[in-house]
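Structure, as structure tokens:
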Amino acid sequence: MKLAHVILDIPTQALDAPYTYAVPEEGLFAAACEGAGDEEGADAQCDYAVAVGAAVLVPFGHRRAIGFVVDIREYGQPGGPDWPAEVDPAKLKAIVRAVSRPYFDEEGAACAQWLSERYIAPLSACVRLFTPPGGVARMVRGRDGRWRLEQPAVGEVDDRWVVPGPALAAFSPRKNAVKQAQVVEALRGGELRVAELAAQFGAVSSVLKALEAKDVVRVVRRRRMRGVQGAASGPVTDCNRQHVPSTKPALTAGQAAALSAIERACDAGCGRVVLVDGVTGSGKTEVYLQAIERVLAQGRTACVLVPEISLTPQTVGRFRGRFGDTVAVMHSRMSAGERFDQWDFIRSGAARVVVGARSALFTPLANIGLIVIDEEHEGSYKQDSAPRYHARDVAVWMARRSGAAVVLGSATPSIESLYQCAKNPLWEQVLLPERANGRPMPEVRVVDMAREFAEGSRSMFSAALARGLQEELSAGRKAVLLLNQRGFAKFLLCRECGFVPKCPHCETSLTYHERGNFLICHHCGFRQATPPVCPKCKSPYLKKFGAGTQRVEDELRVVLDGMEGVGLDVPIIRMDADTTSGKGAHQRLLEQFAAADAAVLLGTQMIAKGLDFDDVTLVGVINADTQLQLPDYRAHERTFDLIEQVAGRAGRAELPGRVLVQTYESDAAPIRAAARYDRALFLRDELPKRRLLGYPPYVRMANVLVWGAHEPDVQALAKEIQRDLDKAVHSYGGQDWVVLPATPCVLAKLRNTYRWHVVLKCPADADISRALLPYFRRRKPDKWVNVAVDVDPDDLL
Ligand code: ADP
Ligand code: ZN
Ligand code: ZN
């Protein structure tokens, strides 16, 4: 008898072990289908086989549920010698039937299991990573109280095509059959979609039927790829933009060395990692392209991860330019239908290269030889809901299993990756210290805003920055201004009593919006009018502290309009969460900036990466402090990265560039070091602190988040978990491990929920997941208070 392990797709319950079901014999299978008619509706499809990776319908309690098969094995007779002891033959139930074809294979099933253990996450959430965009079949309860199977709304779409038949050449329509003559004439130019004919000639179905009967035409169904086939009516998306074939440049010596390191890693076939540590513009992408080319030539495939925000048509175009139509693209700005089609294109085996955001790792790309993670230091590679995985760690695990190699690229590699290169023989670091075009890196100047203030300036633009803008814009060149808003945006502060208006639901300070003059909470959307006087002491001196892009734009307008030699209407292109929310908005704004002569691009951190404009000669960081002051262990690393990344945007081509960094803390090590491109200086300051305070890479951490609407409950549970973890760590034998006291998070209240956490630290080489897993698997979920474990958290906010 065959037994299957099935992971039930019931996310609200903690069902953290697969369930065992009998696999129905062929006969059973048909019988189940026949009987299914009344329960699941007439559309039930019965022609899927029960296989690993397939969604199946199973009995569960008094109803039926959907699950995913992760394992199938043959066991002899129930109760026989190899029969699993934990399976009671009397209680064993059979899978009703499969409701999809396989979404993943044994390797995917193993990865889901690993993810669930490594990140202490529900198995169902881990398996769901592997299912196609647009959802899977599910059981829904109708108004009559009965459960019925609902297939996903997103799936393949077919177009009907009219293709010339054998009788077309000799066919001549009768005189009065006008429409028939038109259709036949149109088809002599080649095949057409029914929809196109109908748009041109009106209803054509009877004409087509008549022609089909005479073998003049055939009507066939063909799969359509949404977003790809430049359909006249469809929007232009990332996928269907024209790509020009690109030629390979001769590699620089550094690039050639990097490429051969990658080739060695590929040939070793044991999951080696190559960190390409190259300044912005050093030609890392060209190295990836040539490495991929070799992998493809060996018959294997490649997966390229890019931060969501850098997944622009330009980025995709570079891969399509080299590998043409074998490139699949996957990111969240595509519609579900487009993503489904790309997913299915990958599943079909026709896609050889996948370029996508972190979730592209889980697409059904077979035979992967190389996984590239560009900008590997980026925070967006860590998922912030269960499973809280880091794409880098998953890629390394996958590569080790499949004998592939991993390439990490960055101008500012994460401290974790640098540490691995130093300690782990499977990791290698290669340097590209110079730009591919031989241009120097731009000069970075730090502007001390405290001094500007002391000298009487009240503007958010220092004299140096204003002068720089004037010089560049009046010469017809472009500037990029970065307004870093992460964490703390602009808020109101009473100059007399220090009161700061806060969100009543989240306890974070409210962000002030100039236009409309209101305060808003960026976590939950709470909104109120700006008070005219301090609500606490009635003082009228409310200062607007820190600035959002909106106000900077307004102030910049005033500054630019008064500038000599700079026209009154120099475009300011603002890019922030507000202006880029619509589909394609991001791209439109960039194109606007590219098309302009002199112009300023003003934006949040989303502009710091990936932009490659030849005529940007000035980059200004308006407030380096917002990142620096974030109460998190990674704040300094992020500040250093941000300045280096944004500096890389200046002077990429012929024209030299310069960078101005405004800060109230011009002495801070990350800022001084970034200004000199001196990573060693930064690390000399940072690493001893990390070691002393016990932060990665010297320790591993798990952050147990506890949240709920009633703070005393949250606090009580957090404290209980702290005690339980103490015991769990003790019984695991973690002598030098530390369970920190339960405390409120930095973001102590978000969307009306109170947030506490318990942080656990252990030696860098310890298996933190294994120590915690038994406890969290055993824990019964609490109805009112949520608990989530973040293993190797990216921040502790
Ligand atoms: P990175 O990914 O490191 O930021 P890119 O791959 O974008 O760098 O390369 C920067 C620019 O240099 C691109 O315009 C690219 O076409 C060009 N480039 C890369 N390698 C070479 C080379 N070997 N010779 C000439 N130009 C190159
Ligand atoms: Zn006050
Ligand atoms: Zn709020």
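Remember, it's 1-based here, ligands and their atoms both numbered in the order they're listed. Side chains are part of it too, since the values below use all heavy atoms of this structure and drop only hydrogens, waters and symmetry mates.
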field: Polar proximity ligand 1 side, Ala436 side, N/O cut 3.5 Å exclusive
entry: no
message: Does any part of the side chain of Leu660, heavy atoms only, come nearer than 4.5 Å to the side chain of Leu618, both counted from C-beta?
response: yes
- prompt: Do Tyr677 and Phe640 make the cut of ring centroids closer than 6.0 angstrom?
  reply: no
query: Should one rank Gln290, Glu375, Gln255, Arg318 by closest heavy-atom distance to atom 6 (O) of ligand 1, which comes out on top?
result: Arg318
message: Under 4.0 Å from a heavy atom of Ala250: which atoms of ligand 1 are those, numbered in the order shown and with their elements?
response: 22 (C), 23 (N), 24 (N)
query: Could a heavy atom of Ser282 be found less than 4.0 Å from some atom of ligand 1?
result: yes
- prompt: Of the backbone atoms (N, CA, C, O) and the side-chain heavy atoms from C-beta on, which set of Val279 has a member under 4.0 Å from an atom of ligand 1: side chain, backbone, both, or neither?
  reply: backbone
- prompt: Gly283 heavy atoms, cut-off 4.0 Å: which ligand 1 atoms fall inside?
  reply: 1 (P), 3 (O), 5 (P), 6 (O), 8 (O), 9 (O), 19 (C)
message: Regarding Asp267 and Arg294, does a basic nitrogen lie under 4.0 Å from an acidic carboxylate oxygen?
response: yes
- request: Give the ring-plane orientation class for Tyr389 versus Phe362, where under 30° counts as parallel, over 60° as perpendicular and anything between as tilted.
  value: perpendicular
message: Counting only heavy atoms from other residues, nucleotides and ligands, does the tally under 6.0 Å from CD of Glu434 exceed 12?
response: no
- request: Look at ligand 1 and say whether Asn437 reaches it with a heavy atom at a distance under 4.0 Å.
  value: no
query: Got a sec, which pairs hit ring pair (Phe, Tyr, Trp, His ring centres under 6.0 Å) with one end in residues 283-327, sequence neighbours left out?
result: none
message: In this structure, does ligand 1 have an atom that sits under 4.0 Å from one of the heavy atoms of Arg435?
response: no
- prompt: Do any N/O atoms on Thr285 end up under 3.5 angstrom from N/O atoms on ligand 1?
  reply: yes
query: What residue pairs, at least two apart or across chains, pass salt bridge (Lys or Arg N to Asp or Glu O under 4.0 Å) with a residue in residues 421-431?
result: Arg264-Glu428
query: Measuring from the heavy atoms of Val287, does anything fall under 4.0 Å of ligand 1?
result: no
